[in-house]
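Hydrogens, waters and symmetry mates are skipped; everything else that's a heavy atom, side chains included, is used.
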Amino acid sequence: MTPSRRAAIGYVLTGFAIVSFAVLLGFALMRLSSTEAETRRSVTDNMVWVLERTRSTTLLLDKAVASDVANMPYEADRQLQYDLLLSRLSQLLEGPQARHLEQIGFKQTIADHQKAVLAIERDIADLKQGDVDAAMQIHEVTAPLVTDLGHAANRSMVVHWDETGARSDAINASIAQVIVSVIALYGLGLLICVIMVRALLDKHLAQQALLHEQKMREAYRSFIDLVSHQFRTPLAVIDSSMQRISRDRAAMTRDEIVQRAGRVRQAVANLTRLMEMTLKSIRLEGGQLEVSMQTCDTAELINGVAARQRELTPERRIEVQIAPETPKNLVTDPLLVEQILTNLLSNAIKYSPANEVVNIVTRAEADRLAISVHDMGIGMSKDEQSRVFTRFFRAKTARNISGIGLGLNISQKLSDLLGGTLRFQSQQGVGSTFTLSLPLTN
């Protein structure tokens with residue numbers, strides 16, 4: 001058989017396998033889609049849970065009100081439970097939950113209760129010890145809500161049992177068809193792999209380049225997802241605060257308005273910090289950041305960074321220890337040094353307990369000045385320490401703390417621009433010490 005004929009047969013087999021693969025994949029996706037749609041058709045899988053959680057929140061609010069009036073300690077916070085109850089009621093009256101409530105005949109009832117709960121907002125906020133009448137008025141709102149939520153949960157459970165049986169048969173049939181399709185897809189996939197292996201071997205170098213590009217694209221995609229999430233949090237704070245001021249400004253005290261405005265300002269500051277860090281990373285990558293060396297006062301530079309951090313976190317203790325042998329003046333770019341120390345100091349504050357002191361210590365090392373930032377925080381495990389300066393890297397211990405994984409990466413690159421080094425020591429559960437070492441220029 002000639003090579004051209006073998007190639008023609010290979011193309012035919014490949015085309016047949018690909019077309020069959022596409023047809024079976026389309027069929028499997030169609031059946032999966034119909035199964036998913038059938039699953040979504042009823043929201044009663046979690047409606048009982050949502051209703052019971054709402055009922056539990058109502059009971060906790062009622063108990064918290066009674067405890068506050070009687071001046072008895074209680075673990076549930078009254079205002080928090082009230083806000084949570086409003087959130088759960090809003091959830092019940094939106095989207096598929098609302099349609100389900102309408103189906104079982106409780107939508108209007110829950111909507112009426114929501115209005116009643118909104119009407120006692122000021123009573124909740126102004127409740128004082130011994131105010132039994134106000135507590136009774138609140139109880140008159142919560143007690144019927146508890147009862148109706150229980151009835152709605154019972155009705156939802158009955159509907160769920162009825163729907164589950166009908167959906168189970170349809171889903172089982174679809175799953176069986178999908179399993180058969182997947183088996184066929186697996187066989188066709190093996191056939192395609194055998195046919196294409198020669199071409200893949202011939203294009204190994206190109207594949208490696210493509211793989212590298214895909215990794216870079218995935219890294220940037222992760223970065224964009226992370227940044228968008230971090231941007232969304234302060235935006236949500238701004239939106240909720242402004243909505244509250246817009247809705248209740250006439251009833252709010254000056255202190256409440258000032259507190260809301262403070263939250264908005266802090267959220268704006270967080271947005272600004274995120275944007276500045278992102279832009280600085282882009283400028284560093286493009287080699288557009290210039291170094292401006294000048295003589296600056298060492299102690300003034302370090303104390304200035306600490307003072308600005310104290311303004312941002314007045315509740316935290318920051319101690320600066322300038323060693324006697326520390327040179328009075330330092331020839332460097334003060335703005336870049338401030339950026340590095342600010343990143344290190346804010347990280348130390350962020351990743352350490354509120355009652356722990358963060359220390360900034362200087363010492364002379366031959367012809368270099370070492371500035372260390374020490375915290376007694378969460379630290380890092382040994383297996384993660386090799387990636388600490390990698391862009392977008394977040395330690396497992398920091399997953400629940402806001403951040404985008406750029407600060408240390410930027411700080412290391414800035415230290416390189418200054419002719420210095422950035423090193424660290426860390427122990428999980430004990431703390432971390434980051435040291436910026438700068439050359440002394442006479």
Side-chain angles (χ1 to χ4, degrees), residues 38-168 236 239-240 243-244 247-248 251 400:
E38 185 67 28
T39 303
R40 280 192 297 108
R41 189 171 300 169
S42 175
V43 298
T44 52
D45 291 343
N46 66 349
M47 276 299 297
V48 174
W49 181 86
V50 174
L51 287 166
E52 284 300 321
R53 293 302 299 170
T54 307
R55 184 171 179 269
S56 174
T57 302
T58 308
L59 290 171
L60 288 175
L61 171 61
D62 202 24
K63 291 181 180 179
V65 168
S67 299
D68 289 346
V69 170
N71 195 26
M72 297 175 61
Y74 188 65
E75 60 182 11
D77 179 79
R78 182 180 74 245
Q79 187 61 50
L80 176 61
Q81 293 303 320
Y82 177 74
D83 293 338
L84 185 57
L85 176 58
L86 285 179
S87 175
R88 294 196 185 282
L89 289 173
S90 297
Q91 181 184 7
L92 284 172
L93 294 172
E94 293 177 355
Q97 292 86 357
R99 292 192 293 272
H100 177 75
L101 286 177
E102 187 172 9
Q103 176 187 352
I104 64 176
F106 278 88
K107 180 179 180 182
Q108 187 57 49
T109 301
I110 299 300
D112 292 340
H113 282 301
Q114 184 188 43
K115 293 177 182 178
V117 172
L118 284 170
I120 63 171
E121 180 178 8
R122 183 50 56 188
D123 294 333
I124 293 292
D126 296 340
L127 188 67
K128 295 181 176 59
Q129 179 183 348
D131 196 351
V132 177
D133 291 339
M136 288 302 298
Q137 291 177 2
I138 295 172
H139 179 72
E140 289 175 0
V141 172
T142 57
L145 175 57
V146 170
T147 301
D148 286 338
L149 286 171
H151 292 162
N154 291 336
R155 178 57 184 161
S156 181
M157 186 178 298
V158 172
V159 171
H160 173 61
W161 289 338
D162 292 339
E163 292 180 346
T164 299
R167 287 189 293 124
S168 178
D239 180 62
S240 64
Q243 281 190 32
R244 181 70 182 273
R247 187 183 71 226
D248 302 328
N400 295 324

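Contact between Q114 and S90 at its shortest, heavy atoms only, is NE2-OG, 3.4 Å. Nearest heavy-atom pair, A134 versus L127, reported as atom, atom and distance to 0.1 Å: CB-CD1, 3.7 Å. Across all their heavy atoms, Y82 and I120 have their closest contact at CE1-CG1, 4.0 Å. Annotation for I124 and R78: closest pair O-NE, 2.8 Å, computed over non-hydrogen atoms. For H100 against V159, the heavy-atom pair with the smallest separation is CE1-CG1, 4.1 Å.
The distance from the CG atom of L59 to the CD atom of Q81 is 10.5 Å, given to the nearest 0.5 Å. In this structure, the separation between CD on E102 and CD on Q97 is 13.5 Å, given to the nearest 0.5 Å.
Side-chain contact check for L51 versus R55: every heavy-atom pair is 4.5 Å or farther apart. The side-chain heavy atoms of I110 and T54, taken from C-beta on, include no pair separated by under 4.5 Å. Under the 4.5 Å side-chain criterion, counting only non-hydrogen atoms from C-beta, V50 is not in contact with R88. The shortest distance between side-chain heavy atoms of V141 and Q137 does not fall below 4.5 Å.
Checked options L85, V146, L145; the residue passing with L61 is L85 (criterion: side chain to side chain contact (heavy atoms under 4.5 Å, CB included)).
The main-chain N or O of A152 is never found under 3.5 Å from a side-chain atom of S156 such that the two would form a donor-acceptor pair. A donor-acceptor pair is defined here as one N or O able to donate and one able to accept, closer than 3.5 Å; no such pair exists between the side chain of S56 and the backbone of E52.
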Audit row: L149, F106, side chain to side chain contact (heavy atoms under 4.5 Å, CB included) steps and yes/no: CA-CA 9 Å; L149 286 171; F106 278 88; over 6 Å; no
Stepwise, does the side chain to side chain contact (heavy atoms under 4.5 Å, CB included) test hold for L60 with L84? CA-CA 10 Å; L60 288 175; L84 185 57; over 6 Å; no
